[in-house]
Amino acid sequence: MTRYLVTSALPYANGPIHFGHVAGAYLPADVYVRTLRMQGEDVLYVCGADEHGVAITIGADREGLSYADYVARWRDEMKAVFDHLGIEFDVWSGTSISPPHRELSQEFFRRLDDNGYLIERTTEQLYCTTDAMFLADRYVVGTCPNCAHEGARGDECPSCGTWLDPLRLLEPRCKVCGTEPERRSTRHWYLDLARLAEEHLRDWFAAGEWKPNVRAFVETMLKDLRERPITRDMSWGVPVPEDRAGGETGKVLYVWFDAPIGYVSFTKEWAEREGRPEAWRDYWQDADTRLVHFIGKDNIAFHCVVFPAMLWGVKQDYVLPWRVPANEFYNLQGRKFSTSENWGIPVEEFFARHDSEVARFYLLSSLPETADSEWRWEEYQRVANTSLADTIGNLATRVLRFLDKRFDGRVPELHARHEAELDRAILEECGPLTDPADSVRAFQFRRAAEALVANAAAANVFVDRHAPWKLAKEDPELAASVLNTCCEWLGWLARWMAPFLPGKAQALWAMLGQPGRVADAPWPGLPEAGSWRSLPAGQRLGEVQGLFPKLDDEAVAAEIAALEARASG
RNA sequence: GGCGAGGUAGCUCAGUCGGUUAGAGCACUGGCUUCAUAAGCCAGGUGUCGCGGGUUCGAGUCCCGCCCUCGCUACCA
């Protein structure tokens, strides 16, 4: 048994979760966790909201809410989406509410400081007297010194593409209130990434196994590492430890610094709740633990460079990431998901009309694993109808309804003289069989989804070749053996389905008359001739019902029309 | 600008170490079947592998140049 600590990127508590986020970082992680658990691994799945930072204070001010209320609202709303989709964390928390978070973040700061990885520096920055805050680059707008474009941002001019510094902008204004900011000097702490890379990070990364997109990005970044500020002048966040602030007040840890520490804080929170307060160390400070970060590609720098640098720099034997299966971006019907342009699928409406398990499966079969991909309603319909309803759902009903009619709704008997022949037929002659878990472990979820459908399709071939409805008249014993084989196969299918379609898998499990939770059954792997059957003959089957609803063309057209109507209205 | 990823059948994509005639699913057509949610099975066609050059006995695959799409570009998180 191997120990795994799995994380999904902490979603920023400043807006809704959409299917793009789900496909990028949450659903694959959930499937990975469920699969490993069925395979007997020790897995902890940690997530929570990222709740600090200036964007949140601005959002809360705009809505007249306290920061705490504002992030709590998004925290709860995001959790509701995860619940709908069956994404189950062992702990879901938030960086502003997790009890250990403040102390732990400050401890990271102190230890990095003690170990010589922090640099203090005083610089001039723009300060808005109206909003009483220093302005981050993107919160300053002004006139571009290069092309005179009036809408230039503090970091870049969108017109000529020049890299800017806010201090270079002509007629700078605060993006929030329009006031002209003044220059003030301020002292901050910087993380010495260059030194951390020199001492350990480069070697560590070079020895790892990474997806091509991750390796390429990080190797470029490692060539030219600058120090990064880790503090900010504001009130919302984890305060810089008083014993290190040197009299400075009003400074907090910069949100990118405290956010990933949330993974650790939340693990500690989980351990406390379990009544084993030291158990978090098993996951974070045991060299054999495999730390897996599921993220979108925009987060590669943090999870493969900055956070590992922090984990190593505190010299507390923290494990560094083992794999970072960063996904590309997921779009919607040809365009980017966009809250501001109303280009999205309102999740509550979606769940009112559609089956969330089907959504899970469709998302998994279209994940942006190697390139950007997208949600297309036409493809959603195809997957829902062809792969799920026709291939998997119909397999179950064609077998089980026949048994209801002709075999008293019980698992038929396998006659010993048929076993070898039928094993050979289903295992070798009805199409290639593959273990979906192999692909899941390689982070190839699309392939795993395909394997699942292919394994079901093989049983359809088997049924057709043996035509039990004919055999029932000519050779009832052989018919029974054939249908016994089909029942067993459905049992395997239910277990193969469990990580992908947990609810449907359970429904199928119950239809077979199996007690308990299918997720508690061990992962079946691939069946081997002579030893793969386990259902007792005569076992009563459960009530047969259709597993998957079908989606007609009108429904699809209506969804696309609604999508476009929202965007234009 | 820099960096990265991608460009393969009508659509979505797979192609390992360079190796036979470039594959799968969907869609489409024909046949079979009637257990099943009008579901299932069998059979069938389709390619300037983005463009140009190079290396090689042999290139979708390796090298160089170019074109197109998307993303990142680190004090937004």
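All chains are named by letter (A, B, ...) in the order of the sequence lines, taking the proteins before the strands, and each is independently numbered beginning at 1.
Straight-line distance from the CG atom of A/L367 to the C1' atom of B/U12: 14 Å, rounded to whole Å. For the pair A/Y127 OH and B/C75 P, the interatomic distance rounds to 22 Å; values are reported in whole Å. Taking atom CD of A/Q381 as the reference point, atom P of B/C26 lies 14 Å away to the nearest angstrom. Remark: P of B/A24 and CZ of A/R382 are 16 Å apart, rounded to the nearest angstrom. B/C76 atom P lies 9 Å from atom CZ of A/R228, rounded to whole Å. In this structure, the CZ atom of A/F257 is 19 Å from the C1' atom of B/C76, given to the nearest Å. Summarising the geometry, the separation between CD on A/E374 and C1' on B/U69 is reported as 13 Å, rounded to the nearest angstrom. The distance from atom CG of A/L191 to atom P of B/C75 is 14 Å, rounded to the nearest whole Å.
Ring-plane geometry between A/H21 and A/H18 is classed as parallel, the angle between the planes falling under 30 degrees on a 0 to 90 degree scale with a further cut at 60. Note: A/F134 and A/H188 have perpendicular aromatic rings, judged against thresholds of 30 and 60 degrees for the angle between ring planes. Using cut-offs of 30° and 60° on the angle between ring planes, the pair A/F109 and A/F257 is perpendicular. Taking the six-membered ring where tryptophan is involved, the planes of A/F307 and A/H293 are tilted, since the angle between them lies from 30° to 60°. The aromatic rings of A/W312 and A/Y117 sit tilted relative to each other, their planes meeting at an angle between 30° and 60°.
If you check every strand for non-hydrogen atoms under 4.0 Å, A/F134 touches nothing. When heavy atoms are screened at a 4.0 angstrom cut-off, A/V54 is found touching the sugar-phosphate backbone but no base atom. Here A/P468 lies out of heavy-atom contact (under 4.0 Å) with every strand. Among the atoms of the strands shown, none is found under 4.0 Å from any heavy atom of A/K175.
Scored by the side chain to side chain contact (heavy atoms under 4.5 Å, CB included) test, A/E328 finds A/N213, A/K297, A/P368, A/D372 as partners (sequence neighbours excluded). Applying the ring-ring contact (aromatic ring centres under 6.0 Å, His included) test to A/F329 and every residue at least two apart in sequence or in another chain returns nothing. A/E209 is linked by a salt bridge (Lys or Arg N to Asp or Glu O under 4.0 Å) to A/R323, counting only residues two or more places apart in sequence or in another chain.
Of the C1' atoms belonging to B/U61 and B/G2, the separation is 27 Å, rounded to the nearest Å. A gap of 23 Å separates the P atoms of B/C62 and B/C68, to the nearest Å. Distance noted for atom C1' between B/G53 and B/C72: 31 Å (whole Å). Here, B/G44 and B/C26 have their C1' atoms 16 Å apart, quoted to the whole Å. If you take atom P in B/A74 and the same atom in B/C3, they sit 15 Å apart, rounded to whole Å. Annotation: B/C41 and B/A5 have their C1' atoms spaced 41 Å apart (nearest Å). Rounded to the nearest Å, the gap between the P atom of B/A24 and that of B/G31 is 23 Å. Comparing the same atom, C1', in B/G25 and in B/G19 gives a spacing of 27 Å after rounding to whole Å.
Along RNA chain B, the nucleotide closest to A/Y190 and the one closest to A/S365 are compared, and the more 5′ of them pairs with A/S365.
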Scan nucleotides 2-8 of chain B against the protein and return all N/O pairs shorter than 3.5 Å with their distances rounded to 0.1 Å.
residue	atom	partner	partner atom	Å
B/C3	O2'	A/T220	OG1	3.1
B/A5	O2'	A/T370	O	3.2

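Donor-acceptor pairing under 3.5 Å is lacking for the side chains of A/D233 and A/Y127.
For A/R447, no side-chain nitrogen or oxygen approaches OP1 or OP2 of B/U16 to under 4.0 Å.
Of the candidates A/R398, A/K550, A/R382, A/K550 is the only one forming a salt bridge (Lys or Arg N to Asp or Glu O under 4.0 Å) with A/D390.
Across all their heavy atoms, A/N455 and A/P432 have their closest contact at OD1-O, 4.2 Å.
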Heavy atoms under 4.0 Å is the rule here; annotate nucleotides 36-42 of chain B 5' to 3' with B where the base is hit, S where only the sugar-phosphate is, and - elsewhere.
-> BB-SBS-

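Here A/Y380 and A/W375 bring their ring centres to under 6.0 angstrom of each other.
Both key distances under 3.5 Å define a Watson-Crick or G-U pair, and stretches of 3 or more such consecutive pairs in RNA chain B run B:1-7 with B:67-73, B:10-13 with B:23-26, B:28-32 with B:40-44, B:50-54 with B:62-66.
The base of B/A74 sits within donor-acceptor range of the side chain of A/R226, with an N or O pair under 3.5 Å.
Side-chain contact between A/F548 and A/T391 is absent, with no heavy-atom pair separated by less than 4.5 Å.
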